[in-house]
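Structure, as structure tokens:
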Amino acid sequence: MKKYALLVVAIVLMAMLMSCSSSASVSRVQTGTAAELSGDWNERDVEIICSSMLDEMFHSPRYMEYSSGMSRRPRIRVGSFVNESDEHIDTSIVTRKMQDAIFSSGLADFVSERSFLSDLHYEQDYGLMNANPDEAASIGNEAAADLLLQGSVQTIVQKSGRQEVRTYYVYAQLVDVETALTVWTGMNDEISKVITEPSVRW
């Protein structure tokens, strides 16, 4: 009986230890500080890419020449950034970060992406049908984009034993919507990571 009681206690203790060890550990990090857990693309990489590439774009001779010939800020629509890498990357985050950086720069205006325009058009139509005619928004006065910014994300991966070197190449192109001429093009390869796998896997 005593041995049986000890066995029950041991099983309970093991269950408690397993329960404790399987609990998730959560800690908060400051905004802009990425926790490098796997070496995959993260929020810090997005910040680096957007800030460096837009700074290069806005200060390029061709963009400065283009903007100086206008009586207002150039209007930019940010198109899609295609993920051509070997890992899952939500490139819509790159698009949003680019839009935010363009707006915050004060050097250009950004035109809303097409996915947002359906709600805008619905609101315009609803206003024309139901709102005070003197207050309803007029149709046909949307600001057209002068320039379209789009690009892609690619990777080159080298592996040897337990080590892997992962380099990200982000390409961007700014095109004149009217003439289809390229106003600026850039390639960023600043992000390169050495990932070492543990020698023992459980």
Side-chain angles (χ1 to χ4, degrees), residues 30-34 41-85 89-154 168-191:
Q30 292 182 343
T31 302
T33 303
W41 178 269
N42 59 46
E43 64 270 25
R44 181 59 183 151
D45 300 331
V46 177
E47 292 285 352
I48 292 171
I49 290 299
C50 292
S51 61
S52 62
M53 296 197 82
L54 287 181
D55 182 68
E56 178 187 334
M57 183 189 79
F58 284 133
H59 294 91
S60 66
R62 285 181 179 271
Y63 178 84
M64 294 176 69
E65 179 184 1
Y66 180 91
S67 60
S68 65
M70 304 184 72
S71 58
R72 54 170 173 77
R73 289 189 295 265
R75 297 167 180 159
I76 301 175
R77 171 171 278 142
V78 182
S80 59
F81 276 73
V82 181
N83 179 22
E84 298 177 349
S85 73
I89 296 176
D90 186 355
T91 53
S92 67
I93 298 174
V94 178
T95 300
R96 301 287 189 274
K97 284 287 186 180
M98 288 287 190
Q99 290 175 341
D100 182 64
I102 290 170
F103 184 81
S104 299
S105 72
L107 299 174
D109 294 326
F110 83 83
V111 181
S112 295
E113 58 187 284
R114 286 181 288 273
S115 60
F116 284 100
L117 293 181
S118 59
D119 286 342
L120 177 65
H121 294 156
Y122 174 83
E123 187 62 30
Q124 290 173 341
D125 292 340
Y126 182 86
L128 287 175
M129 293 290 294
N130 300 283
N132 185 324
D134 296 330
E135 298 178 354
S138 300
I139 301 296
N141 292 324
E142 292 180 24
D146 303 306
L147 301 163
L148 176 66
L149 178 65
Q150 55 190 358
S152 62
V153 181
Q154 300 170 320
Y168 293 88
Y169 292 84
V170 182
Y171 170 77
Q173 184 180 29
L174 187 69
V175 179
D176 186 322
V177 173
E178 183 176 1
T179 65
L181 291 173
T182 299
V183 175
W184 170 82
T185 182
M187 170 78 80
N188 185 295
D189 59 355
E190 295 177 22
I191 300 173

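- In this structure, M187 places its CE atom where more than 12 heavy-atom neighbours from other residues, nucleotides or ligands lie under 6.0 Å away.
- Pairs engaging residues 63-73 under the salt bridge (Lys or Arg N to Asp or Glu O under 4.0 Å) rule: R72-D146, R73-D109 [sequence neighbours left out].
- Two residues are said to be in side-chain contact when any heavy atoms from C-beta on lie closer than 4.5 Å; L147 and R77 fail this criterion.
- With no hydrogens or angles considered, no side-chain donor-acceptor pair links N83 and S152 at under 3.5 Å.
- Closest non-hydrogen pair, L149 versus A172, comes out as CD1-CB, 4.2 Å.
- Proximity of N188 to Y171: side-chain heavy atoms (C-beta onward) are nowhere separated by under 4.5 Å.
- Considering all non-hydrogen atoms of both residues, S51 and I48 come closest at OG-O, 3.3 Å.
- W184 places none of its side-chain heavy atoms less than 4.5 Å from the side chain of R62.
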(request) With side chain to side chain contact (heavy atoms under 4.5 Å, CB included) as the test, would you mind laying out the steps for M53 and V170 before giving the verdict? (result) CA-CA 9 Å; M53 296 197 82; V170 182; 3.8 Å; yes
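- One distance of note links OG1 of T91 with CZ of F81; it measures 9.0 Å at 0.5 Å rounding.
- The two residues M64 and H59 come nearest to each other via the heavy atoms SD-O, 3.6 Å.
- How far CG of D90 is from OG1 of T95: 9.0 Å, rounded to the nearest 0.5 Å.
- Using modelled atom types, no side-chain atom of D55 and backbone atom of S52 make a donor-acceptor pair closer than 3.5 Å.
- For the residue pair S67 and P74, the shortest heavy atom distance occurs at CB-CG, 3.7 Å.
- Between M98 and C50, some side-chain heavy-atom pair lies under the 4.5 Å cut-off.
- Y168 places a side-chain N or O within donor-acceptor distance of the main-chain N or O of W41, the cut-off being under 3.5 Å.
- With rounding to the nearest 0.5 angstrom, the CZ atom of F110 is 7.0 Å from the CZ atom of F103.
- Residue K97 holds its NZ atom at 10.0 Å from OG of S104, rounded to the nearest 0.5 Å.
- Each salt bridge (Lys or Arg N to Asp or Glu O under 4.0 Å) pair with one or both residues in residues 175-191, not counting sequence neighbours, would appear here, but there are none.
- Side-chain atoms of Q173 and T182 include a donor-acceptor pair closer than 3.5 Å.
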(message) Using the rule given for side chain to side chain contact (heavy atoms under 4.5 Å, CB included), can you reason through V82 versus V153, listing the C-alpha separation, both sets of side-chain angles and the distance that settles it, and then say yes or no?
(response) CA-CA 6 Å; V82 181; V153 181; over 6 Å; no
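- Applying the side chain to side chain contact (heavy atoms under 4.5 Å, CB included) criterion to S105, with sequence neighbours excluded, gives F58, L107.
- The line from CZ of R44 to CD1 of I49 is 11.0 Å long, rounded to the nearest 0.5 Å.
- Between I76 and L174, the closest side-chain pair of non-hydrogen atoms falls below 4.5 Å.
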